[in-house]
Amino acid sequence: MNENETIKIIKQRRSVRQFSDRRITENDLNTIINAGLYAPHGETNFEEDIYFTIIQNQSVLNKINLLAKETAKQSSLEWLRELGNNENFNCLYNAPTYIIVSVKKQSKSAVYDCSALTQNMLLAVESIGLGSCWLYFPLQAFDNDNNLGLIKELKIPQGFKPITSMIIGYKDNNEVNIPERKTKNICYIK
Ligand SMILES: Cc1cc2nc3c(=O)[nH]c(=O)nc-3n(C[C@H](O)[C@H](O)[C@H](O)COP(=O)(O)O)c2cc1C
């Protein structure tokens with residue numbers, strides 16, 4: 001198997017859930033967002049239909065954690081209810097930076113487009129020596145009609161809907177642990 005720099009970064013990227021308090025620079029943020037914009041996309045026009053919200057304000061981060069957990073408590077899924085009720089659980093893992101990717105057009109490809117963009121960003125994060133984790137849990141804060149004010153507070157324009165989100169920061173631990181991944185399911189039709 002080839003092991004070039006790109007393959008190394010892809011394998012090295014693991015979800016990081018422990019960060020130091022140090023905030024990442026705006027230059028790094030620009031690099032990461034820019035990498036997202038080079039992802040493949042379907043109907044979504046990245047220039048106009050995607051909205052990035054970068055949250056570094058601690059009281060807003062705390063609010064999102066609490067609102068997401070409140071919504072999770074009402075979930076039909078037991079594991080989400082359990083996390084919602086766990087007082088020690090912070091669904092943003094106390095990360096200093098949280099990014100929400102919202103999309104305007106709810107086209108058939110919107111979720112795929114945001115996902116491709118998000119994965120590009122996660123790989124860019126790893127490539128510049130930072131850590132990240134893709135997060136669904138905190139987006140539950142937007143699933144609850146009682147929390148419509150949050151969209152306004154975060155200045156997400158009308159018509160945009162949060163689709164993916166991630167935390168980013170300096171890894172608390174730089175140990176690299178790459179568990180082997182295999183598949184039994186490959187079929188060649190030659
Ligand atoms: C769509 C999606 C949603 C995820 N949501 C969460 C989440 O809410 N909380 C969390 O801790 N990790 C979340 N993750 C991270 C996964 O748990 C993680 O990617 C998976 O366990 C594989 O580990 P790796 O990223 O280290 O390869 C999410 C990943 C994806 C792709």
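Starting from 1, each residue takes its place in the sequence as its number. Heavy atoms only: backbone and side chains are in, while hydrogens, waters and symmetry mates are out. In each ligand, atom 1 is the first atom listed, and ligand 1 is the first ligand listed.
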May I ask whether Tyr98 and Met121 are part of the same hydrophobic cluster, defined by side-chain heavy atoms of I, L, V, M, F, W, Y residues being less than 4.5 angstrom apart, directly or through others? no
Tell me, which protein residue and heavy-atom name are nearest atom 8 (O) of ligand 1, and how many Å apart are they? Phe137 N, 2.8 Å
Counting heavy atoms only, which part of Cys91 comes closer than 4.0 Å to ligand 1: side chain, backbone, both or neither? neither
Number the atoms of ligand 1 from 1 as they appear, then name those within less than 4.0 Å of a heavy atom of Tyr93, with their elements. 9 (N), 10 (C), 11 (O)
When Arg13, Gln12, Lys11 are each screened for side-chain hydrogen bond (donor to acceptor under 3.5 Å, both in side chains) with Glu126, the one that passes is Gln12
Are Ile156 and Ile64 connected, step by step, through hydrophobic side chains (Ile, Leu, Val, Met, Phe, Trp, Tyr) whose heavy atoms are closer than 4.5 Å? yes
Looking at ligand 1, would Arg181 count as a contact under a 4.0 Å heavy-atom criterion? yes
From the options Arg17, Gln119, Met166, select the one whose nearest heavy atom is closest to atom 21 (O) of ligand 1. Arg17
Consider only side-chain N and O atoms of Gln58 and Asn62, and report whether a donor and an acceptor are under 3.5 Å apart. yes
Side-chain heavy atoms under 4.5 angstrom apart, residues restricted to Ile, Leu, Val, Met, Phe, Trp, Tyr: same cluster for Tyr170 and Met166? yes
Parallel, tilted or perpendicular: which one describes the rings of Phe46 and His41, with boundaries at 30° and 60°? tilted
How close does the nearest protein non-hydrogen atom get to atom 1 (C) of ligand 1, and which residue and atom is it? Trp134 NE1, 3.4 Å
Which of the atoms in ligand 1, numbered in the order shown and given with their element, are less than 4.0 Å from a heavy-atom of Tyr136? 3 (C), 4 (C), 5 (N), 6 (C), 7 (C), 8 (O)
Looking at atom 25 (O) of ligand 1, what's its closest protein heavy atom, distance included? Ser15 OG, 2.6 Å
Note the single closest protein heavy atom to atom 9 (N) of ligand 1, along with its residue, its atom name and the distance in Å. Leu135 CD2, 3.3 Å
